[in-house]
Amino acid sequence: RCLRLFMSACSGRAGSTLSLPKSNMDAVDCDVIMDPEPQIMNEEELAREAECFKEQGNAFYIKKDYTEAFNYYTKAIADACPKNASYYGNRAATLMMLSRFREALEDAQQAVRLDDSFVKGHLREGKCHLSLGNAMAARRCFQKVLELEPDNSQAQQELKNADAVLEYEKMAEFDFEKRDFRKVVFCMDRALEYAPVCHRFKILKAECLALLGRYPEAQSVASDILRLDSTNGDALYVRGLCLYYEDCIDKAVQFFVQALRMAPDHEKARLACRNAKALKAKKEEGNKAFKDGNYEVAYELYSEALQIDPNNIKTNAKLYCNRGTVGSKLNKIEQSIEDCTNAIKLDETYIKAYLRRAQCYMDTEQYEEAVRDYEKVYQTEKTKEHKILLKTAQLELKKSKRKDYYKVLGVDKNATEDEIKKAYRKRALMHHPGSDRHSGASPEVQKEEEKKFKEVGEAFTVLSDPKKKARYDSGQDLDDDGMNMGDFDANNIFKAFFGGPGGFSFEASGPGNFFFQFG
């Protein structure tokens, strides 16, 4: 304006020479080239230009070229007509198509500020709120539309959608408290159908996926959010939670610390960080005590570590297995089996727990259970070592299903020849059906004693022969040696063992009827 006033005061026009007033110095003449006077548009012209921009924007919107449509709507607003509600409404619709809902929400809110009766503006504001997960705000917008147009079917449907989201939120909160994380994931999936860009719903879903052990899915959701907002404390917390539950505790702590830097009041991140540090320290203390041979101390430390965080499935599986190992050192075999079973319940792929439990089963002669565990291990990892373990367990199982001759004689597997003879002498006399102790017994009792007497003879025949004993101990079939135990005669063994000068013998006068003849 100043320039125009100056120019109008001058008699010259653009391109003429202006004479500057003389100072005490020599006068200086200069030619000044003046720019053409800018053309000033009146409001009517501005409105026409804005309408032209809007029409161009509409054309691009129809073609689904939303970026160009956005540019032209912006020109209509910024360059020509910044107080037209419909232009903001159109740009809001375009931003929604570009999934830029937060910016769209601002335009929709500006549109209804300029024109409170703008129905499309209220609808778009409500849809933006709903897409962002604010169902209560969305309800207010749709109710405003119904005040303006009670029969507006779109607003009626959107109001139902907002109510559905509120219901899913309520259900998810209840199920999270019950630790029914699968149900929470289901509710959040349904809610996200109406609120596809709600970070809050995505974070809750990701947290529950992590708690369910579905770490790759949880990581994927959190990473998607961090690509859009690298400072999102909730997403950083979930990333740390996944690493924590995968037993990568040091990396997990880094993410928890970063989450707390972004959101100092993030209580979940603070608790997880504290648990992670405590769990690592307690586990390392237990490991050191075990290596130092302080098994009682190690057992207590692992027990304390198991109380820190029941949600950390992978670490707790290792702690149970470690405690099971210590238990076996302390001869707490049944407790060791139980700990290994708990470890396997938490992690069905935990080979070390299967191996530890199988060894405990072997130590307690539960061979069928041992074979089952070793088969699981060998199916997973077909190594030479695992094959040998499986074969050994299968052999022991086969041996356990035969008569246990050591048990029949009541001797240890490492018994000497003299110990075996003494045991036979004692058991043969104890169960001989013709001895005085059974003379008044019923036929059933005599028959049972005769059976035991025969088993004692079988046991002595095998265990007193080094070759047969070796085959028996190795699990081989004794019939392969041509020894048919079904044709075995216990009386002959008894005669051979007790017969001779100064000894005694017996004869049978019928089934179950024996009498002794002393020399």
Side-chain angles (χ1 to χ4, degrees), residues 361-371 391-519:
Y361 283 141
M362 293 290 287
D363 293 340
T364 52
E365 299 183 359
Q366 300 179 64
Y367 300 120
E368 288 189 8
E369 290 82 356
V371 167
K391 290 290 185 184
T392 301
Q394 289 172 333
L395 177 61
E396 291 301 322
L397 175 61
K398 180 180 177 182
K399 288 161 62 176
S400 71
K401 291 184 176 180
R402 305 172 308 172
K403 291 178 183 176
D404 188 342
Y405 290 143
Y406 291 102
K407 188 176 291 185
V408 169
L409 290 181
V411 296
D412 184 78
K413 291 183 179 180
N414 297 316
T416 64
E417 184 178 351
D418 285 342
E419 289 172 336
I420 290 171
K421 286 180 178 180
K422 288 178 182 178
Y424 172 70
R425 182 191 304 274
K426 177 182 177 182
R427 296 296 174 104
L429 293 172
M430 179 187 301
H431 297 296
H432 197 293
S435 67
D436 290 341
R437 72 172 65 192
H438 304 304
S439 60
S442 67
E444 290 76 13
V445 171
Q446 289 193 2
K447 186 174 182 180
E448 181 63 26
E449 291 300 322
E450 184 179 350
K451 178 182 176 183
K452 291 180 179 179
F453 175 71
K454 182 177 180 181
E455 288 178 349
V456 169
E458 284 184 22
F460 179 71
T461 300
V462 172
L463 299 183
S464 62
D465 184 314
K467 184 178 178 182
K468 289 185 175 66
K469 183 177 183 295
R471 291 182 63 83
Y472 176 80
D473 288 342
S474 66
Q476 298 180 58
D477 291 328
L478 297 176
D479 289 343
D480 294 345
D481 258 356
M483 179 179 178
N484 187 347
M485 301 307 291
D487 297 334
F488 174 80
D489 189 346
N491 296 331
N492 291 334
I493 298 297
F494 189 89
K495 287 180 180 179
F497 191 88
F498 289 102
F504 64 89
S505 61
F506 71 94
E507 292 181 2
S509 59
N513 296 316
F514 298 83
F515 65 89
F516 288 89
Q517 179 178 343
F518 291 88

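Not measured: the values here are computed from a predicted model.
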Considering all heavy atoms of both residues, which atom of [X] and which atom of [Y] are nearest to each other, and what is their separation?
X: V408; Y: A459; result: CG1-CB, 4.0 Å
X: H431; Y: V456; result: CD2-CG2, 4.1 Å
X: A423; Y: L409; result: CB-O, 3.4 Å
X: Y367; Y: A393; result: CB-O, 4.4 Å

Worked check of side-chain contact (heavy atoms from CB on, under 4.5 Å) between K401 and E396:
CA-CA 9 Å; K401 291 184 176 180; E396 291 301 322; over 6 Å; no
Are the ring centres of Y405 and Y472 closer than 6.0 Å?
yes
Quick one: do D465 and K469 make a salt bridge, cutoff under 4.0 Å?
no
Looking at K454 and E450, is any side-chain nitrogen of the basic one under 4.0 Å from a carboxylate oxygen of the acidic one?
no
Flag, side chain of R427 to backbone of F453, donor-acceptor distance under 3.5 Å
no
With distance as the sole test, does E419 use its side chain to make a donor-acceptor pair with the main-chain N or O of T416 at under 3.5 Å?
yes
With a cut-off of 6.0 Å (strictly less than), are more than 12 heavy atoms of other residues, nucleotides or ligands near NZ of K399?
yes
Checking side-chain contact (heavy atoms from CB on, under 4.5 Å) for the pair K451/K447: CA distance, chi angles, key distance, verdict?
CA-CA 6 Å; K451 178 182 176 183; K447 186 174 182 180; over 6 Å; no
Rounded to the nearest 0.5 Å, how far apart are [atom1] of [X] and [atom2] of [Y]?
X: L463; Y: Y406; atom1: CG; atom2: OH; result: 5.0 Å
X: K421; Y: S464; atom1: NZ; atom2: OG; result: 8.0 Å
X: K407; Y: K413; atom1: NZ; atom2: NZ; result: 9.0 Å
X: L397; Y: M362; atom1: CG; atom2: CE; result: 9.5 Å

